[in-house]
Every structure is written in structure tokens, then in C-alpha cells.
Amino acid sequence: MTEIEITADLVRGLLREQHPDLAGLAVREVAGGWGNQMWRLGDELAVRMQRMDPTPELQLKERRWLPVLAPRLPLPVPTPVRFGEPSERFPKHWTVMTWVPGEPLDHGSISRGAHAADTLAGFLRALHVEAPADAPIAMDRGAHPRNCTDGFENFLRSVAPDDIVAGVRAVWDDAVTADAWDGPPVWVHGDLHPANVVVSDGTLAGVVDFGDMFAGDQAWDLAAAWVLLPAGTASRFFDMYARADEAAIRRARGLAAMKSLFLMLMGQNGDRGLPGGKPHWGPAGRAALDRVLKGV
């Protein structure tokens with residue numbers, strides 16, 4: 001598939017064709033993005049352009065479900081306001097969404113750890129409610145850790161330093177033997193990592209990129225206790241969340257190990273100049289893995 005070059009002129013042209021009342025707003029590129037590319041539109045909106053994602057499924061999922069979820073969530077999330085349809089000018093989907101202000105955590109930091117732990121717990125308590133029968137089901141994530149062992153082993157072989165392999169594998173093995181989630185499927189963001197949350201004033205200020213959301217096991221989001229939060233705040237997070245039993249915490253910790261290894265792999269790919277690689281994700285992944293190993 002040939003990648004279409006997405007420029008400010010293309011974005012403006014699409015707006016003129018399909019949403020002319022928005023075409024006069026300033027358009028500026030947002031760094032990052034792989035499956036989709038983001039452009040700021042004025043001060044309060046953004047245009048999300050399908051880029052490397054082979055199908056529009058993730059955008060269509062956000063269009064369908066974010067308006068349902070957003071009103072009950074205590075942090076800002078991007079909410080669709082206009083739909084852009086495929087055309088001769090751009091044969092893919094694009095969506096105008098609300099802009100979530102703040103700095104992505106992979107370029108920022110959390111200095112108010114307790115506040116961030118409480119904020120994340122409150123957000124996930126609000127999100128993790130029973131999902132309706134027609135909610136999306138995860139294709140490549142959402143399974144019990146025991147069904148994700150091939151991916152884990154691949155990441156471990158690729159990036160884990162020899163001195164921590166045994167410790168990481170012990171965390172994973174513990175997650176694999178934990179009881180499965182036996183409650184009703186709940187709404188799960190599914191991809192909480194440092195590029196998909198924004199921070200402001202030293203704490204969490206918003207959550208973005210719901211393309212992977214699904215109905216399933218909350219442990220996939222609870223892994224964020226180690227992947228996102230500073231050292232020493234995971235226990236406070238779980239106390240505030242108050243809905244995770246011991247098995248859920250064990251599954252979440254194993255998934256956090258896997259997600260940390262993935263961040264390290266993306267960092268390694270970036271160091272090697274490979275497509276989609278993110279050099280600055282390597283240190284973030286290693287720091288997260290250290291938190292996982294300490295269990296704090």
C-alpha cells in the first residue's frame with residue numbers, strides 16, 4: 001500500500017469539500033502518530049487522518065463509541081464532531097475530533113504521583129463498567145496472559161538485558177497462573193501507554209487514542225499502574241480503584257511487563273532507524289519495567 005503524503009493543504013482541501021465551515025481554521029501538524037496522523041484545527045479541534053492503519057475499523061469504532069463513553073468519563077477524551085468520508089482527493093476515512101490539551105506523557109512527566117494515581121483510578125472506575133452486547137471485542141489483545149506468551153517471549157528475547165530476564169519471566173509466569181476474569185466484559189481502553197495520555201501541571205490531564213478499545217478484562221488497563229505512574233504509587237492506585245482482586249493485579253502486573261518490553265522494543269527500533277520506531281520510548285519502557293520488577 002502506497003502511503004499518501006498528508007499535508008496541511010490536503011487537510012484544508014478536504015475540509016473545504018466536506019466541512020467548509022471549518023476550512024478557515026488554522027491547520028498545523030501534530031508530531032507522532034503511526035496508524036493515524038493528527039492535525040490541530042484551530043484551538044479546540046483536531047483532524048485524525050487514517051494513515052498506516054489498513055482498515056478504517058479503529059476510527060469507525062471511535063466514532064461509534066466515544067460519544068457514548070465520553071460524557072461519563074472524568075478526564076477529557078477526544079470526541080468526534082464531524083465525519084470525513086473517503087473521496088477522490090483522499091481515499092480513506094478522517095474524523096474531526098475535540099482536541100485534548102496537555103503534553104503527551106512520552107514527552108512530559110508526572111511530578112504529582114499521588115494525584116495522578118487517584119486521577120487514573122477514578123478514570124478507570126468510570127470507564128470499567130459492563131459493556132453492551134454489541135461492544136467491540138478485541139482481536140489481538142484482551143486475552144488472558146497465558147494466551148499471549150508467544151508475544152511476551154518475542155519481546156523478552158528482543159530487548160531484555162540478561163540480568164533481569166529471570167525476574168521478568170517470574171512476573172509473567174505468576175500472571176499466567178492467575179485466575180481468569182470471570183465477571184461480565186467491561187469497557188477497556190486497551191492501549192494505555194505514555195503516548196496515549198496527556199499530562200498538565202504534573203498530573204494526568206486526558207486520555208487519547210481509543211482505537212483499540214474493547215469489552216473484556218480490566219487487567220489490560222490496570223497494567224497502567226506501572227506503565228504510566230511514578231514509582232511507589234501503584235498500591236495507592238489499586239486502593240483507590242478498589243475493584244481489582246489479587247488475580248486481576250497479578251494479571252495486570254504481567255501485562256505491564258509485556259507492555260514495558262514492547263516500549264523498549266519500539267525504542268530499539270527507533271535507535272536503529274526502523275519505521276514506526278520511537279527512540280525516546282526505550283528509557284520509558286525500561287523505567288516502567290523496573291517499577292514492575294519492584295512491584296511498586
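Basis for what follows: all heavy atoms, side chains included, without hydrogens, waters or symmetry-related copies.
Of the possible polar contacts, one joining the R253 side chain to the V292 backbone as a donor-acceptor pair under 3.5 Å is found. In this structure, the side chain of K278 does not engage the main chain of G270 through any donor-acceptor pair within 3.5 Å. Under a 3.5 Å cut-off, the side chain of N196 and the backbone N or O of D191 do form a donor-acceptor pair. Between the side chain of Q37 and the backbone N or O of M49, no donor-acceptor pair lies under 3.5 Å. Between the side chain of R82 and the backbone N or O of V96, no donor-acceptor pair lies under 3.5 Å. One N or O on the side chain of T98 and one on the backbone of T79 form a donor-acceptor pair closer than 3.5 Å.
Distance check: F210 CZ to M97 CE gives 9.5 Å after rounding to the nearest 0.5 Å. Rounding to the nearest 0.5 angstrom, the gap separating the OG1 atom in T55 from the CD atom in Q50 is 6.5 Å. Considering CD of E85 and OG1 of T95, their distance stands at 8.0 Å, rounded to 0.5 Å. Between atom CH2 of residue W281 and atom CG of residue L263 there is a gap of 6.5 Å, rounded to the nearest 0.5 Å. Between L124 atom CG and Q218 atom CD the span is 9.5 Å, to the nearest 0.5 Å. For the atom pair NE2 (H19) and CG (L45), the distance works out to 11.0 Å, reported to the nearest 0.5 Å.
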Check the pair F123, V197 against side-chain contact (heavy atoms from CB on, under 4.5 Å), reporting the backbone distance first and the verdict last. CA-CA 12 Å; F123 177 84; V197 297; over 6 Å; no

List the steps, then state whether side-chain contact (heavy atoms from CB on, under 4.5 Å) holds for R250 with T177. CA-CA 9 Å; R250 290 165 60 200; T177 60; 3.1 Å; yes

Given side-chain contact (heavy atoms from CB on, under 4.5 Å), test V186 with V129 step by step and report yes or no. CA-CA 5 Å; V186 299; V129 299; 6.0 Å; no

Salt bridge (charged side-chain N to carboxylate O under 4.0 Å, His left out) for D209 and R48? Distances and angles first, verdict last. CA-CA 10 Å; D209 197 346; R48 189 168 168 83; 3.0 Å; yes

Salt bridge (charged side-chain N to carboxylate O under 4.0 Å, His left out) between D217 and R251: does it pass, once the steps are laid out? CA-CA 10 Å; D217 177 5; R251 294 194 307 276; 2.8 Å; yes

Could you walk me through whether V11 and W94 pass the side-chain contact (heavy atoms from CB on, under 4.5 Å) check? CA-CA 10 Å; V11 175; W94 51 281; over 6 Å; no

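Judged purely by distance below 3.5 Å, without hydrogens or angles, the side chains of S260 and R291 never pair a donor atom with an acceptor atom. Side chains of W99 and D43: no donor on one and acceptor on the other come within 3.5 Å.
The nearest pair of heavy atoms linking R63 to P80 is CA-CG, 3.7 Å. The minimum heavy-atom distance linking G42 with L25 is given by the pair N-CB, 3.9 Å. Across all their heavy atoms, L156 and R169 have their closest contact at CD2-NH2, 3.4 Å. Nearest heavy atoms, A248 versus L222: CB-CD1, 4.5 Å. Summarising the geometry of A70 relative to V77, their closest heavy-atom pair is CB-CG2, 3.7 Å, with the distance given to 0.1 Å. Nearest approach of A126 to P74, heavy atoms of both residues: CB-CD, 3.6 Å.
Classification of R286 and D290 as a salt-bridged pair holds, one side-chain N sitting under 4.0 Å from a carboxylate O. A salt bridge links D212 with R141: at least one charged nitrogen is closer than 4.0 Å to a carboxylate oxygen.
Both I249 and L228 are members of a single hydrophobic cluster when ILVMFWY side chains are connected at heavy-atom separations under 4.5 Å. If you chain together hydrophobic residues whose side chains sit under 4.5 Å apart, V198 and L120 never meet in one group. Following chains of ILVMFWY side-chain contacts shorter than 4.5 Å, one cannot reach V208 starting from W39, and the two form parts of different hydrophobic clusters. There is no path of hydrophobic side-chain contacts, each under 4.5 Å, that joins M240 to I110. Cluster annotation: V227 is connected to M213 through the hydrophobic network of ILVMFWY side chains, with a link wherever side-chain heavy atoms come within less than 4.5 Å.
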Please list every donor-acceptor pair under 3.5 Å in which a side-chain atom of residues 160-168 meets a protein atom from a residue at least two apart or in another chain.
none

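Pairs passing the salt bridge (charged side-chain N to carboxylate O under 4.0 Å, His left out) check and including a residue from residues 229-249, sequence neighbours excluded, read D118-R236.
Residues D174 and V171 form no side-chain contact, since every pair of their non-hydrogen atoms from C-beta on lies 4.5 Å or further apart. Inter-residue side-chain proximity for P145 and L255 is flagged as met; some heavy-atom pair is nearer than 4.5 Å. With a 4.5 Å cut-off on side-chain heavy atoms, P185 and E130 do not count as touching.
The number of heavy-atom neighbours closer than 6.0 Å to CD1 of I137, taken from other residues, nucleotides and ligands shown, is 12 or below. Shown here is E44, whose CD atom has no more than 12 heavy atoms of other residues, nucleotides or ligands within 6.0 Å. Other residues, nucleotides and ligands contribute only 12 or fewer heavy atoms inside 6.0 Å of the CG atom of D201.
Of the options N154, L289, L261, a side-chain contact (heavy atoms from CB on, under 4.5 Å) to V159 is made by L261 and by none of the others.
Between W226 and F238, the ring-plane angle classifies as tilted under the 30° and 60° cut-offs. Ring geometry for F214 versus W220: interplanar angle over 60°, hence perpendicular rather than tilted (30 to 60°).
Ring-centre distance between Y241 and H128: below the 6.0 Å cut-off.
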